[in-house]
There are 2 protein chains.
Amino acid sequence: MAKFAVIKEHIYQKIESGEWPEYHPVSSENELSAEFNVSRMTARRALQELSDEGLVTRTRGSGTFVAPLKSQSALLTIRNIADEIKMRNHKHHAVVRSLQSVPALPHIAAALQLDPEGHVFHSVITHFENGQAVQVEERFVNPLLVPNYLEQDFTEHTPHEYLCEVTPLTEASHLIEAVMPTKQTAKWLDMHEVEPCLQIQRRTWCRDGVVSQATLTHPGSRFRLGGHMTFKSTQRSSRGAAKGSTTGDEQ
Amino acid sequence: MAKFAVIKEHIYQKIESGEWPEYHPVSSENELSAEFNVSRMTARRALQELSDEGLVTRTRGSGTFVAPLKSQSALLTIRNIADEIKMRNHKHHAVVRSLQSVPALPHIAAALQLDPEGHVFHSVITHFENGQAVQVEERFVNPLLVPNYLEQDFTEHTPHEYLCEVTPLTEASHLIEAVMPTKQTAKWLDMHEVEPCLQIQRRTWCRDGVVSQATLTHPGSRFRLGGHMTFKSTQRSSRGAAKGSTTGDEQ
DNA sequence: AACTTGCTAATGTATATACAACATAGCAAA
DNA sequence: TTTGCTATGTTGTATATACATTAGCAAGTT
């Protein structure tokens with residue numbers, strides 16, 4: 001492996017394992033060049049590419065630091081409903097409808113890459129924006145990777161926030177559909193059963209496997225999923241490759 | 001401006017103006033270093049970053065070439081329904097429902113950043129997959145940037161393909177909603193009026209301004225929008241920052 | 001005709017060096 | 001206390017050089 005790649009891997013491991021939390025200082029170019037016995041330019045390349053990938057932030061004169069996970073989320077276009085609501089200066093609260101261990105149905109076990117015999121953790125939470133229901137979040141969680149899931153208070157922090165903390169996400173896959181709500185979902189969302197819903201199914205991975213599978217259901221009338229992308233490419237290298245905002249309120 | 005940025009801008013201008021089409025060879029590192037009177041390493045950085053951004057492809061021993069526009073689409077997660085259908089080895093055909101110049105309604109003029117007095121081009125097209133309607137595409141196009149829009153045969157090439165050709169896209173913004181179809185749309189999609197639709201509103205920009213505003217309506221039962229994203233970050237620099245596939249058929 | 005060899009050009013990696021621009025801490029003067 | 005300066009460390013840019021790896025081509029060999 002190339003030397004710069006060795007250094008990248010070393011730093012990546014520190015971040016991914018949680019040994020270096022957000023904003024933790026990363027060794028300077030000079031330190032790395034001494035530590036790995038390479039030139040400063042080589043150490044620099046490692047840091048530069050990590051910066052391009054959004055894993056660290058660099059400021060001249062100050063140093064290199066582990067980037068807040070939030071910016072990773074931006075890359076992944078992973079959405080946290082609570083953050084979005086707060087970003088609009090609205091009030092968020094959540095009601096936990098269910099939180100327990102359930103037998104793994106075959107398709108759930110398959111989605112989580114688990115033994116079909118076992119159990120999985122299951123939560124159903126309704127999210128409110130200014131007192132109005134905007135999302136029903138049904139989630140199946142891998143108990144091997146997140147053993148303490150059931151003991152969390154999800155009125156304080158969303159499952160997404162908790163999962164991001166305990167298992168740094170590395171991958172996500174989304175499936176977006178328009179569906180009619182089930183009777184139960186319509187009731188939770190306080191909406192008519194004939195109104196369409198925007199439903200996002202999301203699976204997230206960490207290094208060790210599938211973390212969770214979530215189904216996020218929004219009333220069509222109260223929710224839009226927005227995104228903006230650009231490749232100006234005239235400014236900074238790859239940082240500008242794909243900058244995605246997530247929430248509507250455009251134009 | 002930094003020297004490497006000057007070189008980047010020079011090459012970007014060639015690509016963006018169409019002077020260098022797909023696969024056109026780009027000056028080598030040595031040529032650039034001579035032409036701009038910089039070291040090879042500086043010329044190299046310009047090419048490297050353009051490569052990271054997906055604008056050019058580089059192969060050792062061979063040279064640097066303008067990347068096919070398709071990879072730009074990947075960056076933007078811009079979706080072309082015809083490509084997706086073909087990728088599934090299904091048959092695509094389109095029916096043009098309307099293609100004409102219409103007076104610009106105020107909100108359309110605003111969206112296209114045009115004079116509210118003028119006209120805009122308007123097209124409505126139904127797309128079929130294996131004979132079944134899967135999308136109604138209603139599109140408003142900026143006549144100043146795409147003067148020959150009305151003379152195209154959109155049963156041959158989709159508007160998206162045509163627009164990509166004549167105006168290299170630099171930006172896009174999406175809005176995704178779940179809605180009920182209008183009577184007319186339901187009829188075109190051959191679906192019940194009580195079935196929900198996934199509706200994507202997309203505005204696209206080129207360097208000179210807003211190119212078009214499209215509303216893509218899909219029957220919820222026959223369509224899913226999928227995406228997969230990862231930041232492995234162990235492999236190549238920024239190329240791996242956000243790799244998005246667009247169509248379902250996962251798991 | 002098919003294969004091999006060798007040359008050339010291009011990109012990939014790595015090093016050493018120099019200077020510029022910026023941030024911060026600490027200290028001195030007002 | 002406030003202001004301003006400076007020393008130091010850090011990142012940003014640019015250069016010069018060396019060698020490794022690969023693609024493509026051309027000439028020669030079998």
Side-chain angles (χ1 to χ4, degrees), chain A residues 1-12 14-15 20 23-68 71 233-240, chain B residues 1-12 14-15 20 23-68 71 233-240:
Chain A
M1 201 190 311
K3 296 189 180 182
F4 76 88
V6 171
I7 301 178
K8 276 182 71 176
E9 191 61 27
H10 171 256
I11 296 172
Y12 180 69
K14 296 279 189 188
I15 297 174
W20 288 355
Y23 303 110
H24 187 281
V26 177
S27 320
S28 76
E29 298 179 355
N30 286 321
E31 287 170 351
L32 285 174
S33 65
E35 187 179 344
F36 285 87
N37 199 30
V38 297
S39 76
R40 185 193 147 208
M41 292 307 286
T42 303
R44 174 178 179 72
R45 176 166 177 185
L47 292 178
Q48 185 65 58
E49 293 197 357
L50 287 171
S51 169
D52 287 349
E53 292 160 21
L55 287 165
V56 302
T57 61
R58 320 188 72 203
T59 47
R60 162 155 57 180
S62 180
T64 305
F65 305 89
V66 175
S71 63
S233 71
T234 62
Q235 303 131 332
R236 269 296 301 128
S237 79
S238 46
R239 219 200 77 268
Chain B
M1 202 191 311
K3 295 191 181 182
F4 75 88
V6 172
I7 301 178
K8 277 181 72 176
E9 192 61 28
H10 172 256
I11 297 171
Y12 179 70
K14 296 279 188 186
I15 297 174
W20 287 356
Y23 304 112
H24 187 281
V26 178
S27 320
S28 76
E29 298 179 354
N30 286 320
E31 286 170 351
L32 286 174
S33 65
E35 187 179 345
F36 286 86
N37 199 30
V38 298
S39 76
R40 187 194 141 207
M41 291 306 287
T42 302
R44 176 179 178 71
R45 175 165 178 186
L47 293 179
Q48 186 66 57
E49 293 197 356
L50 287 171
S51 169
D52 287 349
E53 291 161 21
L55 286 165
V56 301
T57 61
R58 320 187 74 203
T59 48
R60 163 154 58 178
S62 179
T64 304
F65 305 90
V66 176
S71 63
S233 71
T234 62
Q235 302 131 337
R236 269 298 299 127
S237 77
S238 49
R239 220 199 76 267

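- Taking A/Arg60 as the reference, nothing meets the salt bridge (charged side-chain N to carboxylate O under 4.0 Å, His left out) condition, with sequence neighbours excluded.
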Sort me out a list of protein N/O and nucleotides 15-19 of chain C N/O pairs below 3.5 Å, or just none if empty.
residue: C/dT15; atom: OP1; partner: A/Lys3; partner atom: NZ; Å: 3.0
residue: C/dT15; atom: OP2; partner: A/Ser39; partner atom: N; Å: 3.1
residue: C/dT15; atom: OP2; partner: A/Thr42; partner atom: OG1; Å: 2.7
residue: C/dA18; atom: N6; partner: A/Arg40; partner atom: NH1; Å: 3.4

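- Among B/Leu32, B/Leu55, B/Val66, the one residue that satisfies the side chain to side chain contact (heavy atoms under 4.5 Å, CB included) test with B/Ile11 is B/Leu32.
- Judged as a ring pair (Phe, Tyr, Trp, His ring centres under 6.0 Å), not a single pair has a partner in residues 44-66 of chain A (not counting sequence neighbours).
- Residues B/Ala2 and A/Val26 each lie close to DNA chain D; by heavy-atom proximity, the contact nearer the 5' end of the strand is made by A/Val26.
- Scanning all heavy atoms of the two residues, the minimum distance from B/Ala67 to B/Gly54 falls at CB-O, 3.3 Å.
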Could you list all N or O pairs between the protein and nucleotides 23-27 of chain C that sit under 3.5 Å apart?
residue: C/dA23; atom: O4'; partner: A/Gly61; partner atom: O; Å: 3.3

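- The nearest pair of heavy atoms linking B/Met1 to B/Val6 is SD-N, 3.9 Å.
- Take B/Ser28 and apply the side chain to side chain contact (heavy atoms under 4.5 Å, CB included) test, not counting sequence neighbours, and it matches B/Asn30, B/Glu31.
- Protein atom NZ of A/Lys8 is 12 Å distant from nucleotide atom P of C/dA14, rounded to whole Å.
- Between the CG atom of B/Asn30 and the C1' atom of D/dA18 there is a distance of 14 Å, given to the nearest Å.
- Note: CD (A/Glu49) to P (D/dT11) measures 16 Å, nearest angstrom.
- The ring pair (Phe, Tyr, Trp, His ring centres under 6.0 Å) analysis of residues 26-46 of chain A, with sequence neighbours excluded, yields the pairs A/His10-A/Phe36.
- Whole-Å rounding puts the A/Asp52 CG to D/dG12 P distance at 10 Å.
- Nearest approach of B/Ala43 to B/Val38, heavy atoms of both residues: N-CG2, 4.1 Å.
- Looking at the side chain of A/Gln48, the nearest of the listed nucleotides C/dT13, D/dT10, D/dG12 is D/dG12.
- Taking side-chain N and O atoms only, A/Arg58 has no distance below 4.0 Å to OP1 or OP2 of D/dT10.
- We find that CZ of B/Phe4 is positioned 6 Å from P of D/dA14, with the value rounded to whole Å.
- Following rounding to the nearest Å, A/Arg44 (CZ) and C/dA20 (P) show an atom-to-atom distance of 17 Å.
- Residue A/Arg45 places its side chain closer to C/dT13 than to any other of C/dT13, D/dT10, C/dT11.
- Looking at every heavy atom in both residues, A/Leu47 comes nearest to A/Ser27 through CD1-O, 4.0 Å.
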